[in-house]
Every structure is written in C-alpha cells, then in structure tokens.
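See below for the structure under consideration.
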Amino acid sequence: MCGIVGYVGPRQAQDVLMHGLARLEYRGYDSAGLAVADRGRVAVAKAEGKLARLIERVDQSPLPGHAGIGHTRWATHGVPSDRNAHPHSDTTGDFVVVHNGIVENFRALRDRLEAEGVAFRSDTDSEVLAHLVARAFDGDLTEAVRRTISQAEGAYALVAMTSRQPDRIVAARMISPLVVGLGEGENFLASDIPAVLEYTREFLLVEDGEIATVTRDGATLETIAGSPVRKQPFTADWETDSVRKGGFDHFMAKEIHEQPDVISRTLGARIRPSEDGGEQVALEGLEWSDRDPAEIDRIWITACGTAYHAGLVGRVLFEQLAGIPGEVAFAHELRYGKPLFRDGSLTLAISQSGETADTVAAARLARRRGSRLLALTNVVGSSLAREADDVLYTWAGPEISVASTKAYVAMLVGESLLALELGRRRGTLSRTAERELVAELRTLPGKAARVLEDMDEVSRLADVLAGSPDAYFIGRGLDLASAMEGALKLKEISYIHAEAMPAGELKHGTLALISDGTPVVAVVTQEDVHSKAMLSLQEVKARRGLVIAVAYEDDEEIGTVSDHVLRIPRVADVFSPILAAIPLQLLAYFVARRLGRDIDQPRNLAKSVTVE
Ligand code: G6P
C-alpha cells in the first residue's frame with residue numbers, strides 16, 4: 001500500500017524525502033506529496049499521478065528545511081487527486097500527517113469533527129488524523145499523537161509533524177509497517193527499509209501500538225500507555241544496488257534475471273553434506289522437536305496473489321514428498337470462513353512482503369485456533385514473520401516490480417526444501433530419494449540461467465500475443481499452478497484478459513471460446529499426465545487455436561500439437577514449476593513492452609496490500 005518516509009537532520013529534507021519516495025513508488029503511485037518544516041511554518045507540495053509530477057512541482061518551487069515527511073499513495077478512500085494526496089493538514093496548516101492503512105471509524109470521527117465546525121478538504125479517511133492531532137496538541141506532539149491513536153481504529157501507520165515543534169516527527173504504528181532509520185546526527189522513518197537504505201543500515205522496528213519520536217539527535221520509542229521501549233537496532237545488509245535497476249529497463253526484467261542467484265541464495269546454507277557422501281536438507285530457524293514433523297496431520301496453506309500460486313505448488317510437494325494432505329486457501333476467504341484447524345495441523349502462510357493484511361489476519365486466526373504457524377516470507381522482521389512460531393525466509397532480496405517474479409521462484413525453492421525436510425523427518429522419503437532430489441535442486445540455478453540465455457522465441461511470441469484480446473492458460477497437476485501464475489503475470493502487466501484452468505476442464509465450457517488463432521498457453525512438464533495434456537492440446541488444435549507450449553527441451557512429441565514451444569531444461573517433475581515460471585514471466589514482460597505498458601507499476605495495483 002502507501003509508502004511513508006520521514007527525515008530530521010542537517011540535509012535538505014526535500015532531497016531525502018524525494019529520494020525515499022522514488023524507492024517507495026512501487027507501494028502506490030496514484031499521487032505523492034511531502035511536507036517540510038521551515039521557519040515557523042510547514043510547506044506542503046503534492047501532485048496527482050506518478051512521482052514525476054511531484055518532482056516537477058518541487059523543482060519549480062522547492063521546499064527548504066531540515067525536517068519533513070513524504071508519502072506515495074494507493075487510493076482506498078477518495079479518488080486519486082491533488083486534494084486526496086497526502087500529507088493532509090489541519091485547518092490552520094500547522095499540523096500535517098501522512099498515513100498508510102485505513103481508519104475504520106473515520107466516518108464517525110469525521111461526523112463529530114464536522115459537527116464541531118471542522119471543514120474537511122479531502123475525501124480521505126486520513127484527514128481526520130490531521131485534525132485530531134491538531135486538536136490534541138498542547139505543546140507536545142508525541143502526546144497529541146498518542147491521544148489521536150487512542151481514538152482511531154483500524155490497521156495503519158501514521159506520521160505527524162507540526163510547525164510548533166519543528167525539530168521532530170512522530171509516528172505510530174497500528175499493524176501497518178514502520179521502521180526508524182538511525183544515522184549520525186540525522187534520523188529517518190520509513191514504511192520500508194529500501195526508502196532510506198542509502199543513508200543508513202541501522203534500523204529499529206516500530207511494533208504495533210508503539211509511538212516513535214524522531215529528532216536529529218535520536219529516536220525514542222514508547223507504548224501507547226507511555227512506557228519507554230528499549231530495543232536493539234538491527235542491521236539491514238541488503239545491497240543498495242538491489243534497489244536500483246542495474247542496467248535493465250525495468251525492475252521486472254532485472255528481477256527475472258536475478259533468479260539464478262536467488263535460487264542459489266535461497267538454497268544457501270540449507271543443504272549440507274550427509275554421512276553417505278551425498279547432501280541433505282538442513283533447515284535453520286525451525287524450532288521443531290523430533291516429534292513435531294511426525295505429528296502434522298494436515299497442512300493449511302494460505303496466501304494471496306502470486307504467493308497463493310506458490311501455495312498450490314507447495315500443497316503437491318508436501319503431499320508427494322512428505323505424505324501430508326493439505327489445503328490451499330486464499331487468505332481473504334480463510335479469515336472469514338470456518339476452517340477446522342486442529343492441534344495437529346500446520347499452517348503455512350506465504351507472503352513476499354509479510355505485510356499483506358489478509359494473509360497476516362488468516363495466519364493469526366490459524367494460530368489462535370491451535371494450528372502451528374510457519375511463515376514463508378521474504379522480509380525479515382515483517383508482521384507475518386513476527387506472528388509465526390517458525391519462519392522460513394526466502395532470500396530473494398528486495399523485490400520492487402509490482403508483479404512478483406523472483407520472490408515467487410524463491411517461495412517455490414523454500415517449499416521444496418521444506419517438503420524434503422519434512423519427508424526425511426517423517427520417514428516418507430528414502431535417503432536415496434532425498435539425495436537425488438537435493439542434487440536436482442543444485443542444478444536449478446544453472447538451468448534457470450540457461451532459460452534466460454535464449455529469449456528470442458519468447459520475444460517473437462510476444463508480437464503474437466500482444467494483438468490478442470484474450471489468452472487461455474492450461475495445465476494439469478503442478479503445471480496448473482504454473483499456468484495460473486503465467487496468466488496472472490500476463491493480466492497484471494499487459495492488461496490482456498487471461499484465464500487459467502485445468503487442461504481437462506477446457507472441454508466443459510471454455511472450449512466454446514477457442515477459435516481461429518485464440519492463444520492457448522499450455523504448460524506440459526508432468527510425465528504422469530503428459531499423454532492427457534496432449535489430448536487437451538489436440539482439442540485446441542482441432543478448433544484452430546494457437547498453441548504455445550512450455551515444455552522440456554527433450555520433449556519431441558510436444559511439437560506435433562503446438563505452434564510454438566518455449567523450452568526449459570529437464571528437471572525432476574516436482575521442481576518443474578521453478579523453471580516453467582521463467583518463460584511465462586518473460587512472455588508477459590515482452591507482451592507488456594510491446595503494448596507500451598507501465599511494467600513496474602501497472603495501473604490500479606500495489607506491491608503490498610496492507611488493507612483489506
Ligand atoms: C499484491 C501484489 C502481488 C502479490 C500479492 C501478495 O496483490 O500486487 O504481486 O502477489 O499482493 O503479496 P505478498 O507480499 O503477500 O506475497
């Protein structure tokens with residue numbers, strides 16, 4: 001959702017804030033704004049649209065000063081517009097706030113404030129916070145923020161500043177993420193670490209219900225009740241390069257190309273030599289007793305978006321390799337359903353950001369109902385990681401492009417490791433089988449690199465797909481999950497209507513839509529259903545559909561029923577989704593390029609959806 005950045009120190013705040021907003025634009029990009037305190041007043045600049053519009057504005061009329069807050073927005077209440085952009089001010093203009101999340105009782109608060117004579121200038125829920133802070137202020141901004149959050153309900157992060165105490169910015173966190181960045185004689189606030197990574201590596205995590213007061217000289221944390229909170233800073237060792245495009249035109253292209261490294265990193269130190277001369281999986285960070293894995297009788301997997309597709313793959317891996325039956329549920333469905341969690345169940349919550357509101361809520365519910373909670377996430381210290389009993393990190397590094405690529409592949413690798421570990425510890429996987437599968441995992445970085453070497457066919461195909469209003473994606477078993485992720489990628493960034501379904505389901509309705517040249521992308525890697533996949537493709541060919549297959553490079557038969565084949569190196573079938581993802585990502589990328597789409601920041605979407 002929205003991105004937040006704040007600064008107090010000797011530099012021109014505007015420079016730090018604009019830099020931070022550029023790093024955060026992936027969080028939301030329908031409008032942006034900043035406020036800087038200077039000589040007894042707070043100046044505000046905001047602009048609807050991409051950050052470039054705001055840059056133009058502040059280039060024309062800079063905002064000098066050494067303390068400020070900035071925001072990039074993804075609309076929840078009120079259309080994208082200058083007036084709905086943050087920061088929001090109170091009626092005097094002395095108090096400003098930026099806000100991420102939703103104030104759920106804003107209607108009641110707004111009615112009350114209006115009845116008291118406050119004239120609102122925006123349609124947002126956030127503006128109430130500016131008026132509440134102003135009204136609660138009697139000399140101490142921290143106290144005013146405390147009084148404000150005791151009235152506002154919901155999941156949000158808030159940062160406030162005032163011309164009456166211009167040396168500080170004060171933030172409060174209620175679920176939506178927030179960190180304090182610690183510098184020398186300067187300090188920062190941000191919704192995400194990359195926003196200020198170029199200035200500092202030392203961070204304090206602001207936790208739910210905490211208030212942070214940040215000045216040039218330091219940062220103090222306290223609870224809503226006013227008790228001081230002391231905690232150790234942590235160091236973010238991300239490379240600043242990983243938040244730059246590194247020579248690619250888009251973050252998405254860069255992140256697709258990082259995948260061989262990401263696979264190696266996620267495998268990382270989690271494979272170690274075994275006594276029989278081979279290798280075995282050894283997962284760190286799982287505080288499981290010897291009995292715990294054996295006692296898991298069911299696995300619930302919950303996630304949204306791309307992470308949900310990773311969950312579909314995981315379900316099959318846990319079933320096939322570890323003998324655990326499972327269910328995959330969209331987090332927004334699970335949290336309001338009536339799932340029968342039991343003590344022996346394990347819930348695996350998957351989320352790149354670890355901040356998706358629905359996923360965090362579903363995970364919490366599972367834990368409350370007695371399920372053991374394991375988080376699979378890319379962000380250390382994220383809400384999901386902190387909620388969980390155990391955490392398995394994907395080491396994909398910061399993912400900036402809204403459409404997820406490397407984080408997805410890292411999730412699949414993480415699940416593969418987990419399934420192997422569970423299989424060994426539950427006795428469902430023989431030593432030989434584990435050794436062979438670990439050896440296969442080891443080949444994945446090289447094979448992923450090979451897929452990336454030859455992009456000619458996929459780029460040619462993009463011309464074909466770019467001219468079509470629709471595309472269908474089919475697969476069986478694990479290939480269905482790959483097909484679903486491929487369709488989502490295409491929709492997200494090219495805006496072409498794409499629909500995925502089990503190949504066997506095509507004939508029960510959708511075949512009616514297949515005619516001359518209708519693109520059907522088929523993922524065909526699973527040996528046990530290969531002949532069945534061929535049948536489905538024959539059905540498509542018989543209606544003169546255009547078949548684009550993703551298949552192993554040594555699959556000769558596939559050419560007989562396909563117009564185009566995107567080849568991947570052969571790998572154990574259980575790991576094929578890791579490689580199959582790559583040509584499908586590239587296909588979506590090249591199509592979106594042909595169509596001139598905004599690839600890293602597709603319309604209406606946001607990288608991490610921290611509201612319901
Ligand atoms: C948003 C993003 C998707 C992502 C989903 C889940 O919708 O646009 O790319 O897959 O959220 O995000 P998470 O951080 O929980 O994996």
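Counting starts at 1 for both ligands and their atoms, in listed order. Please read these numbers as outputs of a predicted model, since none were measured by experiment. We're numbering straight along the sequence, starting at 1.
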How far is [atom] from its nearest protein heavy atom, and which residue and atom name does that atom have?
atom	result
atom 14 (O) of ligand 1	Ser353 OG, 2.6 Å
atom 12 (O) of ligand 1	Thr356 OG1, 3.4 Å
atom 6 (C) of ligand 1	Cys304 O, 3.4 Å
atom 7 (O) of ligand 1	Val609 CG2, 3.9 Å

Out of Leu566, Val451, Ile582, Leu584, which residue meets the side-chain contact (heavy atoms from CB on, under 4.5 Å) rule with Val458?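 The residue from Leu566, Val451, Ile582, Leu584 that satisfies side-chain contact (heavy atoms from CB on, under 4.5 Å) with Val458 turns out to be Leu566.
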In terms of atom number and element, which parts of ligand 1 are under 4.0 angstrom from non-hydrogen atoms of [X]?
X	answer
Lys607	1 (C), 2 (C), 11 (O)
Glu492	9 (O)
Thr306	10 (O)

Can you measure from CD (Gln526) to CG (Leu480) and round to the nearest 0.5 angstrom?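 Going from the CD atom of Gln526 to the CG atom of Leu480 covers 10.5 Å.
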Between NZ of Lys46 and CZ of Arg53, what distance do you get to the nearest 0.5 Å?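 Separation between the atoms: 14.0 Å.
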Hey, are Glu198 and Arg23 close enough for a salt bridge, meaning a charged N less than 4.0 Å from a carboxylate O?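 Counted as a salt bridge, because a side-chain N and a carboxylate O are separated by less than 4.0 Å.
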Of the side chain and backbone of Val402, name the one, both, or neither that has a heavy atom under 4.0 Å from an atom of ligand 1.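 The answer is both.
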Ligand 1 versus Ala606, non-hydrogen atoms closer than 4.0 Å: side chain, backbone, both, neither?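 Near ligand 1, Ala606 shows its backbone, while the atoms from C-beta on stay back.
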Mark the output for Glu355 as yes if a heavy-atom distance to ligand 1 is under 4.0 Å, and as no if none is.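 It does not, in that no heavy atom of Glu355 comes within the 4.0 Å cut-off of ligand 1.
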Would Lys607 and Gln601 count as a side chain to side chain donor-acceptor pair (under 3.5 Å) here? Give the steps. CA-CA 9 Å; Lys607 182 73 186 155; Gln601 296 176 341; over 6 Å; no
Distance flag, aromatic centroids of His250 and Phe248, threshold under 6.0 Å: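 Judged by ring-centre distance (under 6.0 Å), Phe248 and His250 do not meet the cut-off.
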